[in-house]
J.: 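Input: one structure, supplied below.
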2 protein chains.
Amino acid sequence: MTELIRLLTRAQKLLRTASDDAMSRHGVRVGQNLVLEVLWETDGLTPGELASRLHVTTPTVVNTATRMESAGLLVRRRDPADGRLVRLYLTPKAQAARQPIEEARRRLAEHATATLTDDERRHMRSALEKIIKRMTESPPDLGDA
Amino acid sequence: MTELIRLLTRAQKLLRTASDDAMSRHGVRVGQNLVLEVLWETDGLTPGELASRLHVTTPTVVNTATRMESAGLLVRRRDPADGRLVRLYLTPKAQAARQPIEEARRRLAEHATATLTDDERRHMRSALEKIIKRMTESPPDLGDA
DNA sequence: TACGAATCGTTTGCATGCTAATGACTCTGT
DNA sequence: ACAGAGTCATTAGCATGCAAACGATTCGTA
């Protein structure tokens with residue numbers, strides 16, 4: 001089964017690279033795009049909220065947010081009700097980039113999966129869901145050591 | 001189809017993290033493990049050869065090799081016939097780590113895919129191969145810009 | 001044979017991830 | 001009301017990837 005995982009890793013890397021290339025044409029890197037996708041739907045989230053939705057750590061979001069702030073894509077604002085919280089708000093520049101970026105992402109996904117049959121899509125989806133469920137719920141049993 | 005790709009990304013990340021955890025118990029990080037797997041089969045490759053086999057860039061291999069050299073896993077040796085080349089040779093320490101690491105990797109793969117049906121494995125494999133083929137052969141068509 | 005082009009590895013600087021340590025603020029219990 | 005505990009964001013340091021610039025060696029050709 002290690003071969004299956006090798007294929008999964010390779011495919012994901014190719015997709016990530018292609019995505020980064022596509023996003024770069026719109027002045028956004030691949031990691032920043034993930035932040036945008038969430039904030040386009042729900043603006044004004046905190047770094048911690050964003051981190052849990054993206055399945056990354058808070059420091060990762062903080063660093064990405066800092067780069068995005070330098071790039072003029074978002075602004076930080078302290079929460080008036082709770083001084084520990086910072087809220088991230090998209091700028092008009094980030095709002096304006098929404099349509100072309102979403103379109104580019106959609107096109108890339110269509111392109112990558114264009115040759116798959118319905119059976120392949122269906123079974124790949126259920127297989128991936130099972131793997132995710134397994135990895136999040138069941139202890140991977142890391143031998144002795 | 002963007003949902004399918006999201007699942008693929010999520011699954012791959014979970015697998016990579018679990019792999020890094022498992023490898024760390026043997027004093028090796030996930031990126032270094034990939035180098036080991038190739039050199040266990042073919043010792044004495046150059047950074048460039050290694051890079052093309054691993055689908056990464058040469059600087060990535062050079063940096064990883066430097067860390068592995070510090071960790072006592074390999075040594076650099078100049079090629080006597082061609083002074084431009086550097087060859088990477090595994091130390092006894094790296095050779096000794098082979099069995100436990102390969103075993104850990106195999107167990108992790110079995111665990112992650114344990115609940116998949118034969119249909120899911122088969123179709124997922126062919127779907128991934130198609131995606132890889134598509135991304136390596138066909139131009140992703142990055143709109144205008 | 002000697003010089004320019006090609007081929008390598010390395011260095012540098014960046015983006016994206018992590019963990020651990022730090023600092024600021026809020027909340028709880030007495 | 002206030003001290004300690006808990007909750008945030010941030011900073012620092014590392015690993016893994018990339019591209020671009022650089023340096024050393026070899027090859028091809030005039």
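Only a predicted model underlies this, so the values are computations on that prediction, with no experimental measurement involved. Order of the sequence lines fixes the chain letters, A, B, ..., with proteins taken first and strands second; residue numbering starts at 1 for each chain. The analysis underlying the following values was restricted to heavy atoms, covering all of them including side chains, and did not include hydrogens, waters or symmetry mates.
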J.: State whether A:Glu103 and A:Arg106 are salt-bridged, where the test is any N-O pair (Lys NZ or Arg NE/NH1/NH2 against Asp/Glu carboxylate O) under 4.0 Å.
T.: yes
J.: When you match A:Asn63 and A:Thr17 each to their closest nucleotide on DNA chain D, which lands nearer the 5' end?
T.: A:Asn63
J.: Report the C-alpha distance between B:Arg16 and B:Val30 in whole Å, list the side-chain angles of each, state the deciding distance to 0.1 Å, and finish with yes or no for side chain to side chain contact (heavy atoms under 4.5 Å, CB included).
T.: CA-CA 7 Å; B:Arg16 183 186 174 90; B:Val30 66; 3.9 Å; yes
J.: Applying a 4.0 Å non-hydrogen cut-off, can you work out what A:Val61 is touching in the nucleic acid: base, sugar-phosphate, or nothing?
T.: nothing
J.: Identify the two heavy atoms, one from B:Met23 and one from B:Ala104, that lie closest to each other, and give their separation to 0.1 Å.
T.: CE-CB, 4.4 Å
J.: Within this structure, what is the CG-CG distance for the pair B:Leu116 and A:Leu4, rounded to the nearest 0.5 Å?
T.: 7.5 Å
J.: Hey, where on DNA chain D does chain B first and last touch, going 5' to 3'? Cut-off is any atom under 4.0 Å from a heavy atom.
T.: D:dA15 to D:dT26
J.: Heavy atoms of chain A, cut-off under 4.0 Å: which first and last nucleotide of DNA chain C, 5' to 3', fall inside that, if you could look?
T.: C:dA15 to C:dT26
J.: For A:Leu7 and B:Met124, what are the C-alpha separation, side-chain angles and deciding distance, and is it a side chain to side chain contact (heavy atoms under 4.5 Å, CB included)?
T.: CA-CA 10 Å; A:Leu7 289 173; B:Met124 179 171 167; over 6 Å; no
J.: Quick one: do A:Glu129 and A:Arg125 satisfy side chain to side chain contact (heavy atoms under 4.5 Å, CB included)? Show the steps, please.
T.: CA-CA 6 Å; A:Glu129 284 170 349; A:Arg125 171 184 300 268; 3.7 Å; yes
J.: Over all strands shown, is A:Val86 touching base, sugar-phosphate only, or nothing at heavy-atom distances under 4.0 angstrom?
T.: sugar-phosphate
J.: Looking at A:Lys13 and B:His55, would you say the former's side chain and the latter's main chain have a donor-acceptor pair under 3.5 Å?
T.: yes
J.: Applying side chain to side chain contact (heavy atoms under 4.5 Å, CB included), run through A:Met1 and A:Ile5 and close with a yes or a no.
T.: CA-CA 7 Å; A:Met1 282 312 94; A:Ile5 293 187; 5.8 Å; no
J.: Determine, for B:Arg98 against B:Glu41, whether the closest basic-nitrogen to carboxylate-oxygen distance falls under 4.0 angstrom.
T.: yes
J.: Thinking salt bridges, do B:Arg6 and B:Glu3 make one under a 4.0 Å N-O criterion?
T.: yes
J.: Which is more 5' along DNA chain C, the nucleotide nearest B:Leu85 or the one nearest A:Pro59? Just name the residue.
T.: B:Leu85
J.: Can you see which heavy atom on B:Thr91 is nearest to which on B:Gly72, and at what distance?
T.: OG1-O, 2.8 Å
J.: Counting only non-hydrogen atoms, which of residues 66-83 of chain B are less than 4.0 Å from DNA chain D?
T.: B:Arg67, B:Asp82, B:Gly83
J.: How close do A:Leu39 and A:Leu74 get, counting heavy atoms only, and between which atoms?
T.: CD1-CD2, 4.3 Å
J.: Could you tell me the separation between the CD1 atom of A:Ile131 and the OG1 atom of B:Thr115, rounded to the nearest 0.5 Å?
T.: 8.0 Å
J.: Could you name each residue pair satisfying salt bridge (charged side-chain N to carboxylate O under 4.0 Å, His left out) that touches residues 53-70 of chain A, not counting sequence neighbours?
T.: A:Glu69-A:Arg76
J.: Please round to the nearest 0.5 Å and tell me the distance separating atom CG of B:Leu85 and atom CD of B:Glu49.
T.: 7.5 Å
J.: Let me test you: for the helix from C:dT1-D:dA30 to C:dT30-D:dA1, what is the angle between the axes at its two ends (five pairs each), rounded to 10 degrees?
T.: 0°
J.: Could you check whether B:Arg87 gets within reach of a base, just the sugar-phosphate, or nothing at all, counting any heavy atom under 4.0 Å?
T.: nothing
J.: Can you pull out the residues from residues 36-58 of chain B that lie within a 4.0 Å heavy-atom distance of DNA chain D?
T.: B:His55, B:Val56, B:Thr57
